[in-house]
Amino acid sequence: QVQVVESGGGLVQAGGSLRLSCAASGNIVSILNMGWYRQAPGKQRELVAAVTSGGRTNYADSVKGRFTISRDNAKKMVFLQMNSLKPEDTAVYYCNADLYSRSDPALMATNWGQGTQVTVSS
């Protein structure tokens, strides 16, 4: 069984910073891509940032220059450093991991965390 758990959300004033962490655990063989998505009330879930196992990153235009994604492959963790936060960054942030598990090593599955709330006040 695989678990993906986020932490680090909270309330911050505009211009402030937060760092989100995400850990994957369980019977994991290997992890390919890891990423952060967010969903604001009344809006669709959108990609914030993603990183491949080789370290290649991809960012939404709205967060480029402000957010930085990184990962620790040995610890099966991914991080999102969020600086210069804006009220429009308020959302539930979800972590996901594309991985192979020991329960079915031939099948790549996307596993999601439960989400962590980020609220930016103006």
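Any value given below was found using the heavy atoms of this structure, including those in side chains, with hydrogens, waters and symmetry copies removed. Positions are given from 1, in the same order as the sequence printed here.
With contacts defined as side-chain heavy-atom distances shorter than 4.5 Å, the pair Tyr59/Thr68 qualifies. Side-chain contact between Asn27 and Ser103: absent, with no pair of heavy atoms (C-beta onward) separated by less than 4.5 Å. Phe79 has its side chain within reach of Asp72: a pair of non-hydrogen atoms, C-beta onward, lies under 4.5 Å apart. Between Asn96 and Val4 there is no side-chain heavy-atom pair separated by less than 4.5 Å.
A continuous path of hydrophobic side-chain contacts links Leu47 to Trp112 [ILVMFWY only; heavy atoms under 4.5 Å]. Leu85 and Val92 sit in two unconnected hydrophobic clusters of ILVMFWY residues. Membership requires side-chain heavy atoms under 4.5 Å apart, directly or through other members. A single hydrophobic cluster is not seen to contain both Tyr94 and Val118; linkage of ILVMFWY side chains at heavy-atom distances under 4.5 Å, directly or through other members, places them apart. If you chain together hydrophobic residues whose side chains sit under 4.5 Å apart, Val51 and Tyr37 never meet in one group.
In terms of modelled atom types and a separation under 3.5 Å, the side chain of Glu6 and the main chain of Gln114 share a donor-acceptor contact. A donor-acceptor pair under 3.5 Å is formed between the side chain of Thr90 and the backbone N or O of Val120.
To the nearest 0.5 Å, atom CE of residue Met34 and atom CG of residue Asn111 are 10.0 Å apart.
The nearest pair of heavy atoms linking Met77 to Ser21 is CE-CB, 4.2 Å. The shortest heavy-atom contact between Ala14 and Ser122 is CB-CA, 4.4 Å. Arg102 and Ile28 get closest at one heavy-atom pair: NH1-O, 3.3 Å. Across every non-hydrogen atom of Ala97 and Ile31, the tightest pair is CB-CG2, 4.2 Å. When all heavy atoms of Pro105 and Tyr100 are compared, the closest pair comes out as O-CD2, 3.2 Å. Between Met82 and Leu20 the shortest heavy-atom distance is CE-CG, 3.8 Å.
For Asp89, the salt bridge (charged side-chain N to carboxylate O under 4.0 Å, His left out) partners are Arg38, Arg66, not counting sequence neighbours.
Residues Thr110 and Asp98 have side chains that bring a donor and an acceptor to within less than 3.5 angstrom of each other. For the residue pair Asn73 and Arg71, a side-chain donor N or O sits within less than 3.5 Å of a side-chain acceptor on the partner.
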May I have the step-by-step check of side chain to side chain contact (heavy atoms under 4.5 Å, CB included) for Lys76 and Ser25, ending in yes or no? CA-CA 7 Å; Lys76 301 183 181 63; Ser25 62; over 6 Å; no
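Surrounding CD of Glu46 are more than 12 heavy atoms belonging to other residues, nucleotides or ligands, all under 6.0 Å away.
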